[in-house]
Amino acid sequence: MKPSRASSQPIRPSLVASLTRGKKHLIASSVLHLAVILALLFNWNSTKPIEPLHVPNHVKARVVSAEELDFLKQKKLNLEQQAQEKIKQQQAEKEKRALAEKKKAQAKEEARKIALLKQRQEKEKRQKLEQEKKKQAEARNKQKQLEQEKQQQERLVKEKRAREAEEKRQQREAELAARLAAIEQEERQLEQTEWLSEVEAQRQQARLARELEEKERYMALIQQKIENRWHVPPKVRKLSVVLRIRLLPNGELVAVDVSESSGHSALDQSALSAVRSAGRLPVPDDSAAFEKYFRTFIMRFTPPDS
């Protein structure tokens with residue numbers, strides 16, 4: 001609207017009122033246009049449909065200058081750039097959250113794999129320990145079984161040796177009894193002869209033979225009793241020890257010492273210990289025979305397996 005030129009005529013009140021109303025309408029029109037442009041900019045990316053703006057009939061438009069239009073375009077461009085930046089920022093934040101979620105899921109999966117691996121390792125470790133315990137138990141049972149078998153074999157060997165010793169003793173006693181019976185039979189036959197001198201000589205020989213048999217029998221009984229208590233040390237093959245033994249008439253031990261060493265001190269000491277632990281030894285009731293043969297005598301001891 002062009003401004004009115006000056007006139008010498010006075011301004012009428014109606015004209016002043018009309019100009020005032022026109023100025024107000026122009027301001028209202030400018031504000032309205034600016035509001036419409038701003039609404040269009042803010043609702044550029046909105047999905048809501050743009051409702052038509054009902055402009056009052058009494059509002060009049062005005063022409064916008066080029067400067068104002070450039071300003072509005074620049075403002076619109078700035079708003080669009082801000083909107084684009086905001087969209088990019090939201091997209092970046094969305095990608096950042098997605099990346100964080102992905103890393104979190106990967107870390108969770110890695111932790112799950114590590115936990116499974118640890119469980120499998122623990123299980124394998126437990127199985128290995130159980131197998132080791134089982135092997136140790138089997139080894140102990142096997143060792144125990146071997147020891148039992150060894151003890152059984154040793155017991156059988158001892159029982160066998162005891163039976164053999166008893167059989168030998170009974171055999172010696174039977175042989176001595178048979179010899180004594182034969183000697184007595186010979187004496188009875190000699191008593192029936194007419195030649196007294198020969199009978200007497202034979203009687204003396206028989207007495208001497210009986211005496212020797214008696215000595216041999218008691219020597220065998222003494223040696224058997226001592227050997228039954230003799231614990232022979234190992235690795236003494238082909239060795240023997242000779243002991244000098246002194247007794248009382250009742251068979252009790254007075255003293256014992258080594259007359260001829262075996263050269264192995266353990267064997268010598270074991271034989272001495274066997275004599276001392278034998279207790280009272282068997283001796284004949286005949287005091288003359290005891291004094292002659294058993295007061296002091298020597299005896300050789302040889303290990304059974306030598």
Side-chain angles (χ1 to χ4, degrees), residues 151-187 204-306:
Q151 292 176 358
Q152 179 69 15
Q153 291 177 356
E154 291 178 351
R155 184 167 58 253
L156 293 175
V157 170
K158 289 181 179 180
E159 291 177 355
K160 181 179 179 181
R161 289 179 178 177
R163 287 195 301 269
E164 291 176 353
E166 181 65 20
E167 291 174 356
K168 289 180 181 180
R169 184 187 66 80
Q170 293 177 358
Q171 184 178 359
R172 287 195 296 266
E173 290 182 352
E175 291 175 355
L176 290 173
R179 285 168 139 187
L180 290 174
I183 291 172
E184 291 176 356
Q185 182 67 25
E186 290 177 359
E187 288 181 349
Q204 289 178 359
Q205 291 178 358
R207 191 180 301 111
L208 179 60
R210 187 166 57 249
E211 187 176 288
L212 293 175
E213 291 292 339
E214 194 76 352
K215 173 192 173 184
E216 184 178 353
R217 185 169 74 89
Y218 279 99
M219 284 292 184
L221 292 175
I222 290 172
Q223 188 163 12
Q224 180 184 356
K225 187 172 184 180
I226 294 172
E227 287 180 351
N228 287 339
R229 288 163 176 78
W230 190 17
H231 299 287
V232 181
K235 298 181 180 180
V236 291
R237 302 176 61 134
K238 298 181 180 180
L239 297 178
S240 62
V241 56
V242 179
L243 302 181
R244 182 183 293 105
I245 302 173
R246 290 186 290 278
L247 302 177
L248 293 176
N250 60 358
E252 290 182 357
L253 180 67
V254 175
V256 60
D257 53 13
V258 178
S259 176
E260 181 180 343
S261 174
S262 65
H264 194 287
S265 59
L267 179 62
D268 295 348
Q269 291 299 323
S270 65
L272 292 172
S273 298
V275 174
R276 295 188 183 106
S277 64
R280 184 176 295 181
L281 298 175
V283 294
D285 296 333
D286 187 358
S287 59
F290 172 81
E291 292 295 335
K292 185 175 181 180
Y293 299 111
F294 299 97
R295 172 68 71 176
T296 301
F297 61 97
I298 61 174
M299 184 171 286
R300 180 179 296 273
F301 294 89
T302 303
D305 58 346
S306 297

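The pair Arg179-Glu216 meets the salt-bridge criterion, with a side-chain N (NZ, NE, NH1 or NH2) lying under 4.0 Å from an Asp/Glu carboxylate O. Checked for salt-bridge contact, Glu214 and Arg217 meet the test: a charged N lies under 4.0 Å from a carboxylate O. With respect to the salt-bridge test (charged N to carboxylate O, under 4.0 angstrom), the residues Glu173 and Arg169 qualify.
In this structure, the side chain of Lys225 engages the main chain of Arg280 through a donor-acceptor pair within 3.5 Å. With hydrogens and angles disregarded, a donor-acceptor distance shorter than 3.5 Å links the side chain of Asp268 to the backbone of Ser262.
Atoms OH and CG, on Tyr218 and Asp286 in that order, are 9.5 Å from each other to the nearest 0.5 Å. Note that NZ of Lys215 and CZ of Phe294 are 7.5 Å apart. Values are rounded to the nearest 0.5 Å. Separation of atoms CD1 (Ile226) and CZ (Phe301) is listed at 4.0 Å; rounding is to 0.5 Å. Here Arg246 contributes atom CZ and Asp257 contributes atom CG; the two are 5.5 Å apart, rounded to the nearest 0.5 Å. Between the CD atom of Glu166 and the CG atom of Asn228 there is a distance of 8.5 Å, given to the nearest 0.5 Å. Separating the CD atom in Gln223 from the CE atom in Met299 is a distance of 5.0 Å, to the nearest 0.5 Å.
The number of heavy-atom neighbours closer than 6.0 Å to CG of Leu156, taken from other residues, nucleotides and ligands shown, is above 12. Asn250 CG: more than 12 foreign heavy atoms inside a 6.0 Å radius.
Nearest approach of Leu239 to His264, heavy atoms of both residues: CD1-CB, 3.9 Å. Listed here is the closest heavy atom pair of Phe297 and Ile222: CZ-CD1, 4.2 Å. The minimum heavy-atom distance linking Arg276 with Leu253 is given by the pair CA-CD2, 4.0 Å. Taking each heavy atom of Arg229 and Ser277 in turn, the nearest pair found is CD-O, 3.5 Å. Taking all atoms of both residues into account, the shortest heavy-atom contact from Phe290 to Leu247 is CZ-O, 3.6 Å. Residues Gln224 and Ala165 approach most closely at NE2-O, 4.0 Å, considering heavy atoms.
Using a 4.5 Å cut-off on side-chain heavy atoms (C-beta onward), Leu272 and Val258 make contact. At a threshold of 4.5 Å between non-hydrogen side-chain atoms, the residues Gln269 and Pro233 do not count as touching. Looking only at side-chain heavy atoms (C-beta outward), Leu243 and Val275 come within less than 4.5 Å of each other. Side-chain contact between Ser270 and Val236 is absent, with no heavy atoms from C-beta onward closer than 4.5 Å. By the 4.5 Å heavy-atom criterion applied to side chains, Val241 and Glu260 are not counted as neighbours.
Side-chain contact of Gln171 with Glu167: a donor-acceptor pair under 3.5 Å is absent, judged by distance alone. Using modelled atom types and a 3.5 Å distance limit, the side chains of Arg300 and Ser240 yield a donor-acceptor pair.
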